Amino acid sequence: FPVTITKEKNYQRLKIDFFRLVSCFFGNSHIGVFLRFHFLKLLGVSFEGRCRIFSGIYFLEINNNLFFGKNVFVNVNSHFDLTDRVSIGNNALIGPNVTFLTSTHEASKTYEIRKKVKSMGPILLEDNVFIGANSTILGGITIGENSIIGACSLVNKSIPPNNIAFGNPVKLYKPL
């Protein structure tokens, strides 16, 4: 099937690949974290304050749909599908291998399914949220402040503030 690649898409892929190269080369050393932070700012990611972003972070595309508050920590191998906005509040902790998924495909019987990407809505993590390792956050979700999401959770519904939730699909466990 025919694929159209524009100069803008080519340039965007080049930026992402360069970011990955810099990220892998310097790893999680202080200089690597420092360079990753500043390089992401140059690529259009919004930061309210200093953040620690470890290596292996992956973007489906880099655009202006990603916002980090102050003192955010993102562990290794996190994935950001930035079809829609992802906002992470102050003092958030993101475990390793966490996926933020804001898009889906429309059902189709033909190969056209690959072309019909649609947004599931923005993701909002309020202040002081902790996301455990290997979790997936779906689009259209808000996780309230001071909430904890356990490891290996599929967050397919919004979580009110001050709660512990985990599971696949996620269920509220108890208030904090």
Side-chain angles (χ1 to χ4, degrees), residues 1-17 19-20 23 40 43-47 51 53-69 72 74-89 92-127 129-145 147-161 163-173:
F1 54 89
V3 177
T4 305
I5 299 176
T6 64
K7 282 185 178 181
E8 289 176 17
K9 284 285 185 188
N10 247 349
Y11 184 63
Q12 184 176 2
R13 294 295 339 148
L14 185 63
K15 289 191 303 187
I16 292 170
D17 290 343
F19 172 76
R20 279 200 209 122
S23 186
L40 285 171
L43 292 174
V45 175
S46 299
F47 291 93
C51 297
I53 299 179
F54 276 28
S55 65
I57 190 169
Y58 178 80
F59 301 97
L60 190 59
E61 59 183 284
I62 293 182
N63 53 33
N64 297 330
N65 282 340
L66 185 57
F67 172 79
F68 291 101
V72 174
V74 180
N75 213 323
V76 297
N77 301 328
S78 292
H79 178 112
F80 292 86
D81 163 11
L82 297 174
T83 301
D84 209 322
R85 187 161 175 83
V86 176
S87 298
I88 299 175
L93 299 171
I94 311 298
N97 306 310
V98 172
T99 300
F100 295 89
L101 190 60
T102 61
S103 68
T104 188
H105 294 275
E106 292 181 13
S108 174
K109 291 182 180 180
T110 67
Y111 74 91
E112 294 290 322
I113 190 168
R114 295 181 203 157
K115 295 182 181 179
K116 296 182 180 181
V117 175
K118 68 177 187 175
S119 171
M120 292 189 292
I123 295 173
L124 172 61
L125 272 61
E126 294 180 350
D127 295 345
V129 169
F130 174 72
I131 308 293
N134 301 309
S135 293
T136 299
I137 316 298
L138 298 180
I141 300 300
T142 298
I143 299 177
E145 65 181 326
S147 291
I148 299 170
I149 304 298
C152 301
S153 294
L154 172 64
V155 184
N156 61 348
K157 64 181 178 181
S158 292
I159 305 299
N163 275 285
I164 297 174
F166 57 86
N168 184 359
V170 73
K171 293 184 175 134
L172 292 177
Y173 174 63

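Both backbone and side-chain heavy atoms feed into the values below; hydrogens, waters and symmetry mates do not. Since we're looking at a predicted model, the values are computed, not measured.
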Revision key, fill the gap. Here the pair of heavy atoms bringing Ile123 nearest to Leu101 is CD1-N, 3.9 Å
Exercise for review: Measure the CG-OG1 distance between Asn97 and Thr136 for me, rounded to the nearest 0.5 Å.
Suggested key: 10.0 Å
Review point. Which heavy atom in Gly150 sits nearest to a heavy atom in Ser153, and how many Å separate them?
Key: O-OG, 2.7 Å
Review point. Of all heavy-atom pairs between Cys152 and Ser135, which one has the smallest distance, and what is that distance?
Key: N-OG, 3.5 Å
Exercise for review: Would you check if Pro96 and Asn77 make a side-chain contact, meaning some heavy-atom pair closer than 4.5 Å?
Suggested key: no
Review point. Hey, which of Ile88, Leu93, Ile53 is the one that makes side chain to side chain contact (heavy atoms under 4.5 Å, CB included) with Val72?
Key: Ile88
**Study point:** Tyr58 atom OH, neighbour heavy-atom count above 12 within 6.0 Å
**Key:** yes
Practice item. Specify whether Phe166 and Tyr173 have parallel, tilted or perpendicular ring planes, treating 30° as the upper limit for parallel and 60° as the lower limit for perpendicular. Key: tilted
Review point. Is a side-chain donor or acceptor of Asn163 paired with a backbone partner of Leu172 at a separation under 3.5 angstrom?
Key: no
Point to revise | Phe47 vs Leu40, side-chain contact (heavy atoms from CB on, under 4.5 Å): CA-CA, chis, key distance, verdict | key: CA-CA 9 Å; Phe47 291 93; Leu40 285 171; 3.8 Å; yes
Point to revise | Taking every non-hydrogen atom, the tightest pair across Ala165 and Ile159 | key: CB-CD1, 3.9 Å
Exercise for review: Give a yes or no on whether the backbone of Thr83 and the side-chain of Thr102 come within a donor-acceptor separation of less than 3.5 Å.
Suggested key: yes
Point to revise | Donor-acceptor contact below 3.5 Å, side chain Ser158 vs main chain Thr142 | key: yes
Point to revise | Point-to-point distance, once rounded to the nearest 0.5 Å, from CD1 of Ile164 to CD1 of Ile148 | key: 4.5 Å
Review point. Does some side-chain heavy atom of Asn156 sit less than 4.5 Å from a side-chain heavy atom of Val170?
Key: yes
Review point. Looking only at heavy atoms, which two atoms of Glu126 and Glu145 are closest? And how far apart?
Key: OE1-N, 2.9 Å
Practice item. Taking the side chain as every heavy atom from C-beta outward, state whether Ile131 and Ile143 have any atom pair closer than 4.5 Å. Key: yes
Check your understanding: When rounded to the nearest 0.5 angstrom, what distance separates CG in Asn75 from CD1 in Ile57?
Key -> 10.5 Å
Check your understanding: Of all heavy-atom pairs between Ser103 and Met120, which one has the smallest distance, and what is that distance?
Key -> O-CE, 3.5 Å
Check your understanding: How long is the span from the OG atom in Ser147 to the CG atom in Asp127, to the nearest 0.5 Å?
Key -> 11.5 Å
Exercise for review: Mind checking the CD1-CZ spacing from Ile94 to Phe54? Nearest 0.5 Å is all I need.
Suggested key: 13.5 Å
Practice item. Can you measure from CG (Leu138) to CZ (Phe100) and round to the nearest 0.5 angstrom? Key: 11.5 Å
